[in-house]
Structure formats: C-alpha cells, structure tokens
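Contents: one structure, followed by commentary.
Worth knowing before you read on, the calculation uses all heavy atoms, side chains too, and leaves out hydrogens, waters and symmetry mates. Here is the naming used below: chain letters follow the sequence lines, and residue numbers restart at 1 for every chain.
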Amino acid sequence: MNIFNKIEKELIDIVSEKKKELKLIQLNNFKGITVESPPQEFDFDLSSNIALILGKTNGIKPFELASNIKKLVILKSKNIETIEVAGPGFLNIKLTSQFIYQYILDIIKFDKNYGSSINDKSFNIEFVSANPTGPMHVGHCRGAIYGDVLSNLLKFNGNKVTKEYYINDYGNQIINFAKSVFLRIREIKYQEKFPADSDLYPGQYILDIAEEIINSHPKLSFSDFKKDYELLAEESLKYSMKLIKSDLKKLGIQHDYFFSEKEIVKKDLVNKAIKILEKNDYIKEGYLDPPKGDDTKNWIKKKRLLFKSKLFGDDTDRALQKNDGTWTYFANDVAYHLDKVSRGYDFLINILGADHTGYIKRISGAVSALSQNKIKLECRVCQLVKLYKKGKPFKMSKRAGDFISAQDLLKEVDKDSIRFMMLNRSNDMELDFDFDKVLEKNKENPVFYVQYCYARINSLFNTLKINLKDPLIYNGKDFNLNSYEIRIIRKIFNWPKVIETASKKFEPHRIPFYLYDLATLFHSYWSKGNEDENYRFINNGVIRNTKTLFIIKSLSIVIENGMNILGVSLPKKM
RNA sequence: GCGCCCUUAGCUCAGUUGGAUAGAGCAUCGGUUUUCUAAACCGAGGGUCGUAGGUUCGAAUCCUUCAGGGCGCGCCA
C-alpha cells in the first residue's frame, strides 16, 4: 500500500521492457532510483529521478532520456494521467482520478493497517531501567515515551516487540539506599540527625518509605543496620518499584518483562557469559590505568579480568572484576545481555539517557562478541529535557531533592500532552519542555491542534448524521478533486513512507510532525468555506460532494493510526 | 586532553537513506466571523544551512579542517 513503490515498480518495468528502444545498456539494477513527492509548487502527485540516474550511467542526456521515457509511460500506464519533464530531467507525474479513487477505497478498506508494511522481525527494546532507588524523573519520562512509541511503531509495522526493564537492584547503590531509609527511620524514631553525605539519598520519598516500614514493623527497634539490612533493602526496593511502575502506568506505559540484576548474581550467570567470551578470545587478564582526575584514593593496581572492548572502538578495555574479585556492574550487564541474545530476538535495542553515551561501545561490543557478530545491539540516546515554566527555567523539586520527578510533571500536565510533546523533537536534540505552553488550547500547542482537527471531523459527520465508521456509498464517477483535496490526498500518500522511515531509523518524532502538517491542511480546507461557499462541506444539511467525505474519512484514518502509535487519545468533542 | 551528540530565519525546530527556488510554528506587520466550532484561516517581510576546503550533473545532507554549545570519560551503578 505504498504508492511510491507501486509507481516506481511500474516505471522500472516499462523501462526494462523498452531497454533497447531507450538505448540503455547499463541498468545497474536500478540502484538509486526513487519516486517521491515533488515540492508543492510543482503541483504534481509524484516525481522520479529515474532519467537522471540512468542517463548518467548510460551517457545519455537526462532530459532527452526523460522525454523518451515519458512517451512510453504515457502510452503504457493505465494509472498515470500526465507526465512533465522538469528541471534537469525529473519526471513529474499526475495520476488518473480513477487510480486515486481506488487508492482511497483501499485506505478505507485497510483502515487500522493503512501505512503498515509486512514485517515479521522480533525486537527486544530495553528502556527506562531507572535505578530503583527513587521515583522517576523527567529525563526518564522522555526515554520511557520514546521506547514505548518506538515499540508501538515497530509493532504497527508487523514486528514482534518485547518491552523490557532491567532493574539494577544490586550493588552499592542499594546498600546506600537501604542505609538512607535506615537513617530516616532513626531520625523519626530517635530524633537522630540525618547526615549530609553525598552517597545517601535525601529525598522526601525516603521519609515515606521509612514511615511505612516503621508502621509495618512496629516491634523492630532498628538498632543494627547490618541485622536489618535484608528487610530494609527488600521493602525499600519494593516501594520504589511500585512508585516507578505507577508513574509508568500514568504515562500509559507497560513493560512486558522486568529482569532483575539480583537474579543474575544469584544464578551466577556471569560465569556462563565469561566462558563464551574467553572461548572466543575477548577476555584477558591485565591492569588498567588509574582513573583520571584526583579521585584515586580507592584505586589499587591489581591484575583482573578485562573485556577487550578496544576491539570494538572503545577507549580502553573494561574491567569485569572489582578489587575484591566480585563482578562489576558491567560484568552483570554482559550476563544479562547474554540472556537477551539467547532468547533469539532478531534485534536488540537499548534506550539510554545522555549520561550513558560512554557505555555504548562496551555493551554493544559485548553483544557482538557474545553472539559471534550475529546480533547487533542498537543503542539510542535521548538528550536532556530542560524544563520551563512561563518561559523561565524550572529546576528544583521539593519531593525528590535535586530533580523534578515524573510525579511533579504528571500533577500539572496530562499524559497525552506529555507524550506528544516529548516526541515532538528528534531524540538526539535537547528538548525544552514548558509546563504552561503544553496546556494552552491553541495552535501553539501541537497536541491540541491535531486533536482539534479530529474533533472537527467528528463534528462534521455528526452534523451529517453519519457514523464515521459506517461505509460510504458512492459510485466513484467524476472523482475530480479540488486543490485542497489534492493537497490532502498527496499528504496521505506519504503516510506509509513516514512510517517506513521512522521505523527504519528509529525516529518516531517524524509522526507528530507529519500529523501536524496533515492537520494544517484540514484546518485550511475547513476555513476556506468561510470565504467561499463553494468550498463548504455541507449544503442544506447534506454533503455537497460525497467524494469529499472519502478524502476526510481517509484523513481521519491516518490521524487515528498516527495517534494510536503515539499513544495519545483523540477526543470526539472538545 | 579524548569520545559521542548538536550548530538551519530574531526565537524554538523539521528537512523524505545526495535532488528542483531550503520549510513549519512563535514573534513582527496586515487581513478574514450574520457559517459545517474564529480553540481556526489567509497574506507579507525575514536565510552566506557555524567556518574553510573536498567528493559530483547536483551537498543543509557524504569526507576532512577549525570554531562554539551539550553529555560522558571509575574497580559507582
């Protein structure tokens, strides 16, 4: 259902068949030949560079070749109405109205699948994976929504997707987390002052956890941290995972699978991974340089197991063991990724925050090493989110300490606006998020603008007393579109291409931009009726032209499909 | 110092795996409402695509140089 591919194939078939007549010797498998939308000022449905490419490889003037192709195509193609040769040798194409009519019928028939192409790959997407030592912050939200929508997008395109969350519930941070809760309990019970220590977690939520643990264990005295550690760690982890899951749910996100680092340690999965790496010569024993900077007080020069990540372009080989011989975070993560590899996905994707960029080479190197280069781990980074309120930077949070939590955000802004706005930017650009602007009900707010377009469509159908989902009756004769309808349908032609590009490049932000453009075309058509009666949809309570309803219905399908992928709701009335 | 990302209109950003005269929104200026929702629309001005080279029919897009901004550079997680 991709009109560009369809016409491209038609052009290629005709040119192949008439190769001799066109004096073509080298076809070069038609590499580099495209069919695209021409710039709007040309007023054509499609354009192709076929004559430019083939002209070059065959030493024929592109313009001349284009003219010859044009003659043949007009003669042979049932779908193409006219062709104009333009510029250096582009073919600008107008389709027949019958072909366009059939295409719209297909859109309506495909409905929820319009734009989807057939794929059957399996993906594992690991995202969020926020440390379970506290609530999610705004930066996590961006990665969370990016990962979720990327999953929706890949699913829409026919793939299988597992959404996964890795819980870092092991190591020093958990000890510090439990200790913070312990000290808050001491503070509440015995009025001991909570120390100012940068390793500890000071946030208000620690007090909440402390309160809860005191209430659920009234008999405990909390005199010895070591003795109570297991209990404290377990309860605190449970509590913060509950917070995180509740935030995710409020954002409309549900993971399929939660994988715990603790399980890796318990089952000793690291040894299994190390063996595979050893066998393939990716491991060595060696020394590392002392860390840069002046913070070398805990550093010991010691021989230890290293992963040869230099082989994968990393700055240095990476430690798998700590001073005491236990595994590093990285070693556990390697074991975790072995588990993912062994589950047989076609592709692995990790969504990371900007502060983890330096980790990419070592972990994707590990996946290549573990899978004998059969599986590639793709890592995508979400850049920082800068918060604004009424145009001014907005930083501190009372509850969480030094960051704005997801809850702070969700308290003021609805899920739909957050999701749309977080995606309304390429993921590798910093994002300015203004608390107030996303709630405005006007054109400045793209969420509103697209939703309003859909509400207007519903209003139109309501006025006509037609159900948007009911079949339309029309014989398809005289399917001549006005300039507004042509612009809309040309935009709709592009939808499958947007999906294809967005999936291939993991760039879901293309969808909100596209939907905004599409909404603009509709609002423009709608308003034209204000100045010119001939453009009003309704005349004496009935539709002026049924063909218009076809166009608008197919437009509504694209908006529905797009917003479904984004996970943003579409009110019928506003 | 090193690595990754970014630099496009006054501001915030798109730019279809190299295509035609580089596009939106905001801001500025000017217009549209006895109507199917003006919560909208139409028009105008505004650009050496950070710099300097290179690759070719053709570069914002690919390669190299330099400048500016962000993030990271532990045996932490």
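At least one side-chain nitrogen or oxygen of A:Lys322 sits closer than 4.0 Å to the OP1 or OP2 atom of B:A77. Here A:Trp526 does not reach the OP1 or OP2 of B:U35: none of its side-chain N or O atoms lies under 4.0 Å away. The phosphate of B:C42 (OP1 or OP2) has a side-chain N or O of A:Ser524 nearer than 4.0 angstrom. Contact between the side-chain N/O atoms of A:Asn530 and the OP1/OP2 oxygens of B:U33 is not found at any separation under 4.0 Å. Within the structure, every side-chain polar atom (N or O) of A:Arg544 is placed at least 4.0 Å from both OP1 and OP2 of B:C36. Side-chain nitrogen and oxygen atoms of A:Lys443 include at least one within less than 4.0 Å of the OP1 or OP2 phosphate oxygen of B:C41. Contact between the side-chain N/O atoms of A:Thr357 and the OP1/OP2 oxygens of B:C5 is not found at any separation under 4.0 Å. Note on A:Arg456: a side-chain N or O is less than 4.0 Å away from OP1 or OP2 of B:A38. A sub-4.0 Å separation between OP1 or OP2 of B:G25 and a side-chain N or O of A:His523 is absent.
Remark: aromatic rings of A:Phe435 and A:Tyr388 are distant, center separation not under 6.0 Å.
Of the candidates A:Phe448, A:Tyr452, A:Tyr484, A:Tyr516, A:Tyr452 is the only one forming a ring pair (Phe, Tyr, Trp, His ring centres under 6.0 Å) with A:His523.
Looking at A:Thr57, its side chain does come within 3.5 Å of a backbone N or O of A:Ile53 through a donor-acceptor pair. For the pair A:His140 (side chain) and A:Met136 (backbone), a donor-acceptor distance under 3.5 Å is absent. A donor-acceptor distance shorter than 3.5 angstrom exists from the side chain of A:Asn561 to the backbone of A:Tyr114, with no hydrogens or angles considered. Proximity of a side-chain donor or acceptor of A:Asn494 to a complementary backbone N or O of A:Arg490 within less than 3.5 Å is detected. Side-chain atoms of A:Asp169 come within 3.5 Å of backbone N or O of A:Lys262 as a donor-acceptor pair. Between the A:Asn458 side chain and the A:Tyr454 main chain, a donor and an acceptor come within less than 3.5 Å of each other.
Closest to the A:Asn494 side chain, of the nucleotides B:C13, B:U16, B:U37, is B:U16. Picking from B:A39, B:C36, B:G15 the nucleotide with the shortest atom distance to the side chain of A:Arg536 gives B:C36. Closest contact between the side chain of A:Thr463 and the listed nucleotides B:U16, B:U37, B:G72 involves B:U37. Candidate nucleotides B:A40, B:G15, B:G23 were compared by shortest atom distance to the side chain of A:Tyr449, and B:A40 ranks first. With B:A77, B:C4, B:C13 as the choices, the nucleotide that has an atom nearest any side-chain atom of A:Arg425 turns out to be B:C13. Of the candidate nucleotides B:C2, B:C36, B:C76, B:C2 has the atom nearest to the side chain of A:Asp315. Across B:A77, B:G70, B:A38, the shortest atom-to-atom separation from the side chain of A:Glu430 is found for B:G70. Candidate nucleotides B:A20, B:G15, B:C13 were compared by shortest atom distance to the side chain of A:Ala86, and B:A20 ranks first. In the set B:C71, B:U35, B:C6, the nucleotide with an atom closest to the side chain of A:Asp355 is B:C71. Side chain of A:Glu444, nearest nucleotide from B:A27, B:A40, B:A77: B:A27.
Taking the 5.5 Å centre cut-off and the 30° plane limit, the aromatic side chain of A:Phe90 is classed as stacked on B:A20.
Taking atom C1' in both B:G45 and B:C2, one finds a spacing of 46 Å when rounded to whole Å. Comparing the P positions of B:U7 and B:U51 gives an interatomic distance of 13 Å, to the nearest angstrom. Going from the C1' atom of B:G72 to that of B:G54 covers 32 Å, rounded to whole Å. Nucleotides B:U34 and B:G50 have their P atoms positioned 47 Å apart, rounded to a whole Å. Spacing of P atoms, B:C62 relative to B:C29, comes out at 39 Å, to the nearest Å. Taking atom P on both nucleotides, B:G10 is separated from B:G18 by 29 Å, rounded to a whole Å.
Nucleotide B:U55: unpaired (no Watson-Crick or G-U wobble partner with both distances less than 3.5 Å). As the counterpart of B:U28, B:A44 is assigned, both hydrogen-bonding distances of the Watson-Crick or G-U wobble pattern falling under 3.5 Å. In this structure, B:G74 forms no base pair with any nucleotide, since neither Watson-Crick nor G-U wobble geometry is met with both distances under 3.5 Å. Nucleotide B:A38 has no partner under the Watson-Crick or G-U criteria, as no pair reaches both atom distances under 3.5 Å. In a base pair of the Watson-Crick type (N1 to N3 plus N6-O4 or O6-N4) or a G-U wobble (N1-O2 and O6-N3), with each distance short of 3.5 Å, B:G68 is matched with B:C6. Checking B:U21 for Watson-Crick or G-U wobble geometry (two distances, each under 3.5 Å) identifies no partner in any strand.
In this structure, A:Ser47 reaches the bases: a heavy-atom distance under 4.0 Å links it to at least one base atom across the strands shown. Nucleic acid contact for A:His356: base, since at least one base atom lies under 4.0 Å from a heavy atom of the residue. Nucleic acid contact for A:Leu384: sugar-phosphate only, since backbone atoms but no base atoms lie under 4.0 Å from a heavy atom of the residue. Residue A:Lys528 is classed as having no contact, given no heavy-atom separation below 4.0 Å to the nucleic acid.
Residue A:Thr133 places no side-chain atom within donor-acceptor reach of the base of B:A77, judged by atom type and a 3.5 Å distance cut-off alone. You'll find a donor-acceptor pair under 3.5 Å spanning the side chain of A:Asn92 and the base of B:A20, going by distance alone.
Residue-to-nucleotide proximity on RNA chain B shows that, of A:Phe537 and A:Asn424, the 5′-proximal contact is made by A:Asn424. Between A:Asn49 and A:Gln321, the residue anchored closer to the 5' end of RNA chain B is A:Asn49, taking for each the nucleotide with the nearest heavy atom.
Spacing between atom CE of A:Met421 and atom P of B:C13 amounts to 11 Å, rounded to whole angstrom units.
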